[in-house]
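Written out below as structure tokens is the structure these notes cover.
Heavy atoms only: backbone and side chains are in, while hydrogens, waters and symmetry mates are out. Here is the naming used below: chain letters follow the sequence lines, and residue numbers restart at 1 for every chain.
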Amino acid sequence: MDLFEYQGKQYFSRFGIPVSPGGVADTVDEAVATAEKVGYPVVVKAQVQVGGRGKAGGIKLADSADEVRTHAGNILGMDIRGHVVKRLWIEHASDIAKEYYASFTLDRAAKLHLGMVSAKGGVDIEQVAEEDPGAIARLHIDPTQGLDEAAARGLVEEANLDPEAADGAVDILVKLYRCFVEGDADLVEINPLILTPDGRVHALDAKVTLDDNAAFRHPEWDEFRGLEVLDPREALARQKGLQYVGLDGFVGIIANGAGLAMSTCDVVEQVGGKPANFLDIGGGASAEVMANALEVINTDEKVKAIFINIFGGITRGEEVANGIVAALGRVEIRSPIVIRLDGTNADEGRKILAEHESDRLMSLPTMIDAARRATELAGGKTR
Amino acid sequence: MSVFVDENTKVIVQGLTGGQGRFHGLRNRDYGTKIVAGVTPGKGGQDVDGIPVYDSVADAVAATGADASFISVPPKGAPAAILEAAAAGISFVVCITEGIPAQDEARVYNELRRQYPETRLLGPNCPGIISPGKCNIGITSGDIAMPGGPVGIVSRSGTLTYQALYDLTQKGVGQTTCVGIGGDPVPGTNFIDCLAAFESDPETKAVILIGEIGGSEEEKAADFIAKEMSKPVVAYIAGVTAPPGRKMGHAGAIISGSKGTAKAKMEALEGAGARVALNPTQAAEMMVEVVAGL
């Protein structure tokens, strides 16, 4: 789960990482009230989970209530690269002497934690990595050993942060690492980490991605959840416990297993179609799970045909077929359905499906043929 | 020959008394796998369909001489279960548990590397390993595999692995071993471990590698194939149409920035001399050609 900036800052605060005082606002009036509380000058910041907010006009400085009113009015409802701004974060503006960068993440290749610090903050770090890789100090950390103050200091020195920032930066790095590990994050990033003219160091931005697998030990994450901006199809899928990712196409996809679901999307595209979604119903294919999946796909008005791609392993072909038939009895489906059933007892399964075949429901033995038929039924051109 | 396991592998099931553990453990035994014991703390002295249950892995190992473990316990308990198996001297641990926090996985991986370098972990979040006709640990359906080789399979995905196994079997091409390394960010066993094992296994003559988006393991595998492998490799990568920044089911299947795309992986594998298929069925067809030309 990706946190919004303000949530990330709230999360940082739990671990003692200094952030600017501020508050959230969903309306212009709330924005003014928050600004009055925080004290001018303030920064009005769009809360969207996409980069480039500043360039898009989603971050503005305000010296008075009138200015807050103007900026908040402009920014609320603004579309920033497909993300509509519904919430603002109003914080006291900081004087900035220097902008740095700091982050911790898992280096999957090395299978170790990776800490990165740079004196070149406030800009796209991937660009820095490309143009001036030497400007980023990196440290691999063994998760069984952790990061101590000495190691954090070494990282700060290697990154050539200004000497007056060193103590503050070291303190923040140690806390940020704790936030990363104990806070079960996949990524914690501060860009920029700033040095103020009076020598204080603090986080001016916060990017935090939490590991959904660790939710069981973080009941406090619930408060972040209600505010996620989900595609309505994804919200319904989550409610039904399905692994769903919305895409832009017109062929609805249901498959068992993440790999097969991805592969199904690929094959649809290969034959000239466009997948409308990724949907993994997991190992089995019970009537209930299948009905839930069909219900989710059914809400997607762009879907013109559905491709169900199931490989029967331990769940045998006839069980899968019976599950599909039962699910069809429960849900009224708008679009024609093409099924490809393969694996253990696939023939028996196909026999069961054959009894129910019509121009709305058909079964084809191979992935490619089924993808082609589904694409044609959806009105797409196949190749 | 097979890799990592064979007909003599003695397996305990951690979590045998649970629903999943019992279901798959008994299926594995029915396949012919030597399932010698179960482990569930507090349930020592009981049995599951005649398989004795012990309180700890150490007790089970002492009583049975087991050398492999099949872990089917929930995410909360799985990290401790893996380390317990390693501490008891188990050399091959298969963990099918899905949903272990990444921080725990990274910690366990490095703990194993430091403390128990003799223990190989397969998974977590993997379908397991099957050496057709000899040993099946995990959730793969034994019916779809065919003994006798000459193909080895290594895969990050469950159902795609089954698809490859099934397609080969349907076409009369057997397998030496099929290893599912799982779709998590920190797998205990990676592509290279498996490719190296297949390269040195005399009965394996060719390898199918099934990858997916996310991470850089396929690129590293490509490098290994180019430099170290004499046996032909057919590869398939899922997720060409996956959008960046979205997790496609597996925790590890996510394109971040410009890294981890299917296209980059396919190009790397092709550059390494592997034949790259556009779908799993085509991979099996290519392998049939490869085997015919051996």
When you scan chain A against chain B, which donor-acceptor pairs turn up at less than 3.5 Å?
from	atom 1	to	atom 2	distance (Å)
A:R108	NH1	B:G252	O	2.9
A:R108	NH2	B:G252	O	3.0
A:A109	O	B:K220	NZ	3.1
A:K111	O	B:N110	ND2	2.9
A:H113	NE2	B:Q103	OE1	2.9
A:D142	OD2	B:R114	NE	2.6
A:D142	OD2	B:R114	NH2	3.1
A:T144	OG1	B:R114	NE	3.3
A:F180	O	B:Q103	NE2	3.0
A:A185	O	B:Q103	NE2	3.3
A:D211	OD2	B:A102	N	2.6
A:N213	ND2	B:I100	O	3.3
A:R217	NH1	B:D104	OD1	3.4
A:R217	NH1	B:D104	OD2	2.9
A:R217	NH2	B:D104	OD1	2.9
A:R217	NH2	B:D104	OD2	3.3
A:E234	OE1	B:R246	NH2	3.0
A:E234	OE2	B:R246	NH1	3.3
A:E234	OE2	B:R246	NH2	2.9
A:N256	O	B:T159	OG1	2.8
A:S263	OG	B:Y236	OH	2.7
A:D266	OD1	B:V240	N	3.0
A:D266	OD1	B:T241	N	2.9
A:D266	OD1	B:T241	OG1	2.8
A:D266	OD2	B:G239	N	2.7
A:D266	OD2	B:V240	N	3.0
A:Q270	NE2	B:L278	O	2.7
A:R316	NH2	B:D143	OD2	3.2
A:R340	NH1	B:Q163	OE1	3.3
A:R340	NH2	B:Q163	OE1	2.8
A:D342	OD2	B:Q163	NE2	3.3
A:G343	O	B:Y166	OH	3.3

Chain B contact via [X] - which portion, at a heavy-atom distance below 4.5 Å:
X      : value
A:A215 : neither
A:A110 : backbone
A:A109 : both
A:V267 : side chain

Relative to chain A, which of [options] shows the most heavy atom pairs under 4.5 Å?
options                        : value
B:G158, B:G214, B:A242         : B:G214
B:G252, B:G183, B:G245, B:P127 : B:G252
B:G211, B:A102, B:G142, B:P75  : B:A102

Select, from A:V268, A:L279, A:L106, A:V245, the one with the greatest count of heavy-atom pairs under 4.5 Å involving chain B.
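Going by pairs under 4.5 Å, I would pick A:V245.
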Side-chain heavy atoms of A:N292 within contact of A:L242, under 4.5 Å
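They are in contact (side-chain heavy atoms under 4.5 Å apart), so the answer is yes.
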Considering only heavy atoms from C-beta outward, does the side chain of A:F104 approach that of A:L114 to under 4.5 Å?
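Contact flag for A:F104/A:L114 side chains = no.
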Please state whether the side chain, the backbone, both or neither of B:I210 comes within less than 4.5 Å of a heavy atom of chain A.
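Interface part for B:I210: neither.
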Is it the side chain or the backbone of B:L278 that comes within 4.5 Å of chain A heavy atoms, both, or neither?
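Answer is both: backbone and side chain atoms of B:L278 are under 4.5 Å from chain A.
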Any idea which heavy atoms bring [X] and [Y] closest together, and the distance?
X      : Y      : result
A:V208 : A:A185 : CG1-CB, 4.4 Å
B:P124 : B:L121 : CD-CD2, 4.4 Å
A:V303 : A:G252 : CG1-N, 3.8 Å

Euclidean distance, [Y] [atom2] relative to [X] [atom1], rounded to 0.5 Å:
X      : Y      : atom1 : atom2 : answer
A:I253 : A:I297 : CD1   : CD1   : 7.5 Å
A:L147 : A:L139 : CG    : CG    : 6.5 Å
A:C265 : A:L247 : SG    : CG    : 5.5 Å
B:C178 : B:I130 : SG    : CD1   : 7.5 Å

Partners of B:F224 by ring pair (Phe, Tyr, Trp, His ring centres under 6.0 Å), sequence neighbours excluded?
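So B:F224 forms no ring pair (Phe, Tyr, Trp, His ring centres under 6.0 Å) with any residue.
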Under the side chain to side chain contact (heavy atoms under 4.5 Å, CB included) criterion, do B:I181 and B:L122 qualify, and how do the steps go?
CA-CA 6 Å; B:I181 61 175; B:L122 179 61; 4.1 Å; yes
